[in-house]
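Quick note: numbers below take in every heavy atom, side chains included, and nothing from hydrogens, waters or symmetry partners.
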Amino acid sequence: MRALVGLLLLANLLFFAWSQGWLDEVSGLRASGDREPERLSRQVRPESLRVLTPQAVAAAASAAEGQLACLQAGPFDAEGIAAAEAAVSSTLPSGTWTRQSVEQPARWILYMGRYTNPDALQRKEQELARVRVPFEPMRNASELEPGLLLGRYTERDAADAALARLTQRGVQGGRVLALAQPATLHVLRVERADPELAQKVTALRLDALGRGFVPCAKQN
């Protein structure tokens, strides 16, 4: 019994000595654990480390992304894109630009005119206003001005149906016209240009590129 009491007393004394750190060098097990400042003293170049908040990390990533520009030239038709590609192939590094194609749908309009007589144009505007038919002056089509635009459509059937409804309301003189036929258009695009490449691209002055490279249109 005395031996058991003696062992318990010795164990308690050893634990107390270890918990005070007196036995760290002997046991190899630190009573204080792996804590500061001991951990800091073992770091390699601790002065080079910085703690960043999530907002700082996001801001840094945004700034890096903001240095990259998207630039494009065009659109070109089939003949124009061939000339444009030949031009940039000899001036821009391979792999920095790509060609992208987009299908341009047909565009149809419901139209009235052309009114060379200002009085005739005014009478037609008054007639349409009286029956509450929306309209606007025809613009950007010199061969159709002065005239009235009553609607834009991507399908011929929709334009024809609109004309039929207009006729049923007693309004005469409307016509369906093809403003543009279906076509495949192409652009040359530099997706992620660093400042040096962006400066080189925007400085290009080649007839085949038309107005040259400009910032990419935003996509919805």
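Closest approach of Lys200 to Pro93, counting heavy atoms only: NZ-CD, 4.2 Å. Of all non-hydrogen atoms in Ala162 and Tyr153, the two that sit nearest each other are CB-OH, 3.1 Å.
Looking at Arg139, its side chain never comes within 3.5 Å of a backbone N or O of Glu136 through a donor-acceptor pair. Proximity of a side-chain donor or acceptor of Tyr111 to a complementary backbone N or O of Met138 within less than 3.5 Å is not detected. Looking only at distances, a side-chain donor or acceptor of Arg114 sits under 3.5 Å from a matching main-chain atom of Glu145.
Hydrophobic clustering (ILVMFWY, side-chain heavy atoms < 4.5 Å, transitive): Phe135 and Leu163 are in one cluster.
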May I have the list of side-chain donor-acceptor pairs in residues 69-84 shorter than 3.5 Å, sequence neighbours left out?
unit_1	atom_1	unit_2	atom_2	d
Gln72	OE1	Arg189	NE	3.4
Gln72	OE1	Arg189	NH2	2.6
Asp77	OD1	Glu79	N	3.3
Asp77	OD1	Gly80	N	2.7

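Few gaps surround CD on Gln104; more than 12 heavy atoms of other groups in view lie less than 6.0 Å from it.
You'll find the side chain of Val102 stays beyond 4.5 Å of the side chain of Thr184, heavy atoms only. In this structure, Met112 and Leu149 have side chains that are not in contact, with every pair of non-hydrogen atoms separated by 4.5 Å or more. Using a 4.5 Å heavy-atom threshold, the side chains of Glu85 and Arg99 count as touching.
For residues 117-132, the pairs satisfying side-chain hydrogen bond (donor to acceptor under 3.5 Å, both in side chains) are Lys124-Glu127, with sequence neighbours left out.
Here Thr91 contributes atom OG1 and Leu209 contributes atom CG; the two are 7.0 Å apart, rounded to the nearest 0.5 Å.
By the 4.0 Å N-to-carboxylate-O rule, Glu155 lies too far from Arg107 to be salt-bridged with it.
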Begin from the C-alpha positions of Leu150 and Leu128 and carry the test side chain to side chain contact (heavy atoms under 4.5 Å, CB included) through to its verdict.
CA-CA 10 Å; Leu150 281 70; Leu128 293 174; 4.2 Å; yes
